[in-house]
Amino acid sequence: MSERDSEHDDAMDGLLRRTLGSRPAPALPPGFDRRLARRLRRRALSTRGRHLLVAYAVVAVAVSAGVLGRAALPWPIVIGAVLISLAAVAAVVPGWRPVRRP
Amino acid sequence: METDERLVERSSAGDDAAFAELVRRYRERVFRLAVSVLGRGFVPEAEEVTQEVFLRAHHGLRSFRGEARFGTWLYRIAFTQAVNLKARVRFRAPHVSDEALAAWPSPDRPVPDRLDDARRERALAECIADLPDVYQAALRLHYWMGESVADSAELLGIPENTVKSYLHRARRLLHAMLEERGMAHV
């Protein structure tokens, strides 16, 4: 780096310190934890909610398998269709994980 | 004090208190990283990014395999989230304009000097906004937030020498940009 470049670099360093450095750095707004906890609660299903979801999934699987089976589709296709549907739902539904309160 | 790894284990077993402790440890740093990417006019968006980072972390704890440190993993999510959000809010006016911030009163200086300062600061803010995201983040972390090169490197997930190189290149680019605007005498 030439002497001129070095001078420019020092000058920019000084300017940045004077301008950016003179502003107070922002802090996380108060109430952040409360807002985050509320959003986490919304996303996590309660135990009862998970039980209901599992019960619904079991009934849905049984009905789907019955209907598809009566339509004379081969069983591998019926099982494949049901599993793919379940996997798709599991991928998009947030909050599968159980929540244990301390 | 419990290690991050232990807290991650407890959190992924569903212990909310352990996750709350992880949030307490990392929330400020994640927020600072988000602000450094988004800029000073987007503090509410930076809070939104910080919340999203912890929501994603909570949801993805089981996929966290401990190959990187928990903090590094969080910072990576935060940087990506902030850059993505920035692409969406690029054309939205900040909540507090850089012009307003540049007019920050400094009563101990004469009025003409203050006007010069304001003009130069506005030009500088515009030039910084034209730099690549990672240069902007490095500049804001180092000069605005007062983070050391080592801490900036940790937040950005890059080696210290790379941070130094980014800062140097950013200063050179800024000097050239200000020169183009006839404001090279800084």
Side-chain angles (χ1 to χ4, degrees), chain A residues 1-54 87-102, chain B residues 10-20 23-24 27-28 30-32 34-36 40 42-44 46-47 50-52 54-55 58-59 61-62 101-102 104 106 117 120-121 124-125 128 139-147 167-168 170-176 178-179 183-186:
Chain A
M1 191 162 61
S2 73
E3 197 176 321
R4 194 161 162 269
D5 287 343
S6 174
E7 275 174 23
H8 288 164
D9 197 51
D10 288 346
M12 276 312 307
D13 183 67
L15 177 67
L16 287 163
R17 281 184 200 286
R18 282 198 307 279
T19 51
L20 294 187
S22 64
R23 304 278 176 257
L28 205 50
F32 171 82
D33 289 349
R34 207 177 49 246
R35 286 190 290 278
L36 177 63
R38 204 181 309 137
R39 288 183 69 180
L40 279 170
R41 269 198 303 275
R42 269 207 305 264
R43 280 170 78 141
L45 289 173
S46 65
T47 308
R48 187 164 167 267
R50 273 182 299 111
H51 288 165
L52 278 173
L53 195 61
V54 169
V89 171
V92 296
V93 173
W96 277 99
R97 293 183 328 105
V99 177
R100 178 157 61 83
R101 307 285 170 213
Chain B
R10 284 175 48 200
S11 299
S12 44
D15 186 338
D16 282 357
F19 190 72
V23 172
R24 196 190 59 72
R27 63 189 170 195
E28 282 295 340
V30 167
F31 173 71
R32 285 159 84 87
V35 177
S36 78
R40 58 190 179 189
F42 293 97
V43 170
E47 189 200 350
T50 309
Q51 288 209 10
E52 193 57 39
F54 286 109
L55 288 172
H58 188 261
H59 189 53
L61 272 177
R62 285 189 175 173
L101 286 161
W104 196 282
S106 42
D117 285 352
R120 194 173 47 212
E121 286 190 28
L124 184 65
I128 290 175
L139 280 177
R140 292 192 186 109
L141 282 172
H142 187 63
Y143 288 104
W144 184 26
M145 316 272 180
E147 298 281 1
L167 289 173
H168 174 68
R171 287 192 297 262
R172 211 170 53 187
L173 283 170
L174 285 176
H175 187 272
L178 288 174
E179 208 166 40
M183 298 178 128
H185 301 292
V186 291

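Proteins come first, then strands; the chains are lettered A, B, ... in the order of their sequence lines, and each starts at number 1. Model, not experiment: these values are computed from the prediction.
Ranked by heavy-atom pairs under 4.5 Å with chain A, the first of B/L139, B/L167, B/T50, B/V35 is B/T50.
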Start with the C-alpha gap between A/L16 and B/I128, add the side-chain angles, then the distance that decides, and say whether side chain to side chain contact (heavy atoms under 4.5 Å, CB included) holds.
CA-CA 10 Å; A/L16 287 163; B/I128 290 175; 4.2 Å; yes

Apply side chain to side chain contact (heavy atoms under 4.5 Å, CB included) to residues A/F32 and B/V23 and explain how you reach the verdict.
CA-CA 10 Å; A/F32 171 82; B/V23 172; 4.1 Å; yes

Apply side chain to side chain contact (heavy atoms under 4.5 Å, CB included) to residues B/L174 and A/L15 and explain how you reach the verdict.
CA-CA 11 Å; B/L174 285 176; A/L15 177 67; over 6 Å; no

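Side-chain atoms of B/W144 and A/P26, non-hydrogen and from C-beta on, do get closer than 4.5 Å to each other. You'll find the side chain of B/Y143 reaches within 4.5 Å of the side chain of A/D13, heavy atoms only.
Taking the charged nitrogens against the carboxylate oxygens, A/R39 and B/E52 do have a contact shorter than 4.0 Å, which makes a salt bridge. Between A/D33 and B/R27 a salt bridge is recorded (basic side-chain N to carboxylate O distance below 4.0 Å).
The side-chain hydrogen bond (donor to acceptor under 3.5 Å, both in side chains) test applied to A/R35 returns B/E47, not counting sequence neighbours. Contacts of A/R34 classified as side-chain hydrogen bond (donor to acceptor under 3.5 Å, both in side chains), with partners at least two apart in sequence or in another chain: none.
Minimum interatomic distance between A/A25 and B/M145 (heavy atoms only, all atoms of both residues): CB-SD, 4.1 Å.
Annotation: the span from A/L40 atom CG to B/H59 atom NE2 amounts to 11.5 Å, rounded to 0.5 Å. One finds the CZ atom of A/R23 at 13.0 Å from the CZ atom of B/R140 (value rounded to the nearest 0.5 Å).
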